[in-house]
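Labels below follow one simple rule: chain letters A, B, ... track the order of the sequence lines, proteins then strands, and each chain is numbered from 1.
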Amino acid sequence: MKKIYVVAVNTYREAIRNRILYTVLFFLLILLGISTILGSFTMGETRRFVIDFGFSGIELLGVAMAIIIGTGMIYNEIQRKTIFTVIPKPVKRWQFILGKFLGLSLTLFVQEVLMLVFVVIFIVIVKGKITSLLFVGAFFIFMEISLTIAISIFFSTFSSPILSGLFTTTLYLIGNSLEELKSLLTMKMASSPVLKFTILFFYNILPNFHNLNIKNEVVHNLTLPEGYVINSIFYAVAYILFLLTISTLIFEKKEFY
Amino acid sequence: MNAIEIKDLRKSYPTGHIIRKRITALRGISFSVKKGETFGLLGHNGAGKTTTFKILTGLIFPGGGEVKILDKSPDDLEAKNSIGFLPENPYFYTYLTPVELLQFYGGLFNIERKKLHDRIEYLLDLLSLTKWKDTRIGKFSKGMLQRVGMAQALINDPEILILDEPMTGLDPVGRKELKNIILSLKEKGKTIIFSSHILSDVEMICDRVAILIRGRIVETGSIEELLVKRSTGYEIELTANAKEWVKNKGLEYSPSGSSIIVTLKDFGEAQKLLKEAVNEQLEILSFIPRRVMLEDLFMEEYRKYEKDIRGGS
């Protein structure tokens, strides 16, 4: 356990010294500023604007960071040959992968907390109500980010950062549109059994980011269906573990010339 | 039990992206390193030294044959706990300071906090890094990186040290310091296996060497065995006033500062001349077998191997 912690802390140290993280925070502040100005033109909708812009910012910037840093993490260890002094140490390869995942998750968690603090401050400024759903929503975004990190790591075990970035972004976009894909089933064009099977196959196998997106409920302060939170946590954790297991299996076979 | 045991080790790997070719790096090498021994692996670029080290450290897997470290597979955590590895031209996390880096590596060995702190202080001092302990590694020169590399290789006070070209990038002072560190580790009974292009260093440090040419070991043995058995004669060093006496015996000599050196091919002849010199009360400064240098031996083996290859093809 300590070895995973050591790798995670080192990954955190690397990521936290990346200036891009601070640029992202600055970017969010601008976004929140704009949302407040736009919101002030509407009657009593400022809080909604701040949450909408704020949460979209947290999600997109977090996911972008997960892809940018996540896809390069393993690749850079190999490319910069830092792996040459890690693998000979008494650390299992799965511990290394898990440590890397947890380290980046921790970094982006800290970043998300800071961004959430900004959003809360802006809500207070516009005299909006702080609800518990706000924090549940933030947690769901964190699950989305963690899932994106796991996808990035998975692709980066066998492809370059550019390709991994491309694959992860595509999967993220498809994963957000899976409900739309499923709705095709009700259309006339999906009458073919092959097409139906294909749609259902991808719907079930691809990461369903849509399930982890409750921004609408947070913005409009709607109640979540019973068991939704637990089910979503279970889904995200299971998917992450599945991806990390596959990544480890690939990484176990990797040779470092 | 040997510290390192390698039997019929083979390895080839693919190169190229579109047209995949396989390069054979090791063609069935075998050697063992005893506990407490300092073993040198000599070879030209591409001979297979680094490939051997990477298999020993679990970075790549053997293509065939057997590799054991203290009777364990290189992947075994027990084996990994007992080795320290310095790769050729080491690269480290540039955003860390030497202290942070050593804390990281020490953490991977589960070294207890206080013990690790003391070990880091000791290593920083040993490798003259104390002054730069809070400077980020990204700002270090090649020689400094080599010192950091040596520090991380020693963080767990390993029983076996694997050093791939440890003298690379060091200036003469750095080389001397590192050589002294290796010699002091040798005195402490550590097992050391290392490769080097600088053959004089190998000759000075190693107990035994293996000469690796194009993935095959062509010669293994102690320095003495390898060099003395190729002895090309015996040298007797006398004071310069013995010039006339040597000349009268019909022998040739070569001047060397304030002395002369007589070279004889046969041990019996040398023994006879020594006795006569003692009888004549001449001052004998030294009597040594004329050894070939390791470099000569290496070149001789290399030429021989190349000739065999050409002859065979």
inquiry  = Contact between A:Val229 and A:Phe139 at the side-chain level, heavy atoms closer than 4.5 Å - yes or no?
reply    =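 Answer no - side chains too far apart.
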request  = Report yes if the side chains of B:Glu100 and B:Phe104 come closer than 4.5 Å at any heavy-atom pair, otherwise no.
outcome  = no
Check each atom of [X] against the heavy atoms of chain B and say whether the ones under 4.5 Å are side chain, backbone, both or neither.
{"X": "A:Val7", "answer": "both"}
{"X": "A:Arg17", "answer": "side chain"}
{"X": "A:Gln95", "answer": "neither"}
{"X": "A:Tyr5", "answer": "neither"}

Can you tell me which of [options] forms the most heavy-atom pairs within a distance under 4.5 Å of chain A?
{"options": "B:Phe85, B:Tyr13, B:Phe92, B:Tyr93", "value": "B:Tyr93"}
{"options": "B:Leu86, B:Asn110, B:Thr51, B:Thr50", "value": "B:Asn110"}
{"options": "B:Ile60, B:Leu101, B:Asn156", "value": "B:Ile60"}

inquiry  = Using a 4.5 angstrom heavy-atom cutoff, name the option from A:Asn10, A:Val6, A:Ile4, A:Ile87 with the most pairs to chain B.
reply    =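 The residue among A:Asn10, A:Val6, A:Ile4, A:Ile87 with the greatest pair count is A:Asn10.
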query = Which one, A:Asn76, A:Val91, A:Thr85, A:Val86, leads in non-hydrogen pairs under 4.5 Å with chain B?
reply =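 Option with the top pair count is A:Thr85.
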Given heavy-atom pairs under 4.5 angstrom as the criterion, report whether the side chain, backbone, both or neither of [X] touches chain A.
{"X": "B:Glu78", "answer": "neither"}
{"X": "B:Pro90", "answer": "neither"}
{"X": "B:Leu108", "answer": "both"}

task = Applying side chain to side chain contact (heavy atoms under 4.5 Å, CB included), run through B:Lys190 and B:Asp157 and close with a yes or a no.
result = CA-CA 9 Å; B:Lys190 305 278 181 197; B:Asp157 194 13; 2.8 Å; yes
message = Strictly below 4.0 Å, N to O, side chains only: are B:Lys54 and B:Glu88 in salt-bridge contact?
response =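 A salt bridge is absent here (no side-chain N lies under 4.0 Å from a carboxylate O).
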inquiry  = Between B:Lys186 and B:Glu37, does any NZ, NE, NH1 or NH2 come within less than 4.0 Å of an OD or OE carboxylate oxygen?
reply    =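 Salt bridge between B:Glu37 and B:Lys186, a charged N being under 4.0 Å from a carboxylate O: no.
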request  = Check step by step if side chain to side chain contact (heavy atoms under 4.5 Å, CB included) holds for B:Leu154 and B:Arg119.
outcome  = CA-CA 9 Å; B:Leu154 293 171; B:Arg119 182 78 187 154; 3.9 Å; yes
inquiry  = Looking at B:Tyr105, I'd like to know if the NZ or CZ of A:Lys89 sits under 6.0 Å from its six-membered ring centre while staying within 45 degrees of the ring's axis.
reply    =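 Yes, A:Lys89 sits over the ring of B:Tyr105.
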query = Do A:Glu77 and A:Thr82 have side-chain N/O donor and acceptor atoms under 3.5 Å apart?
reply = yes
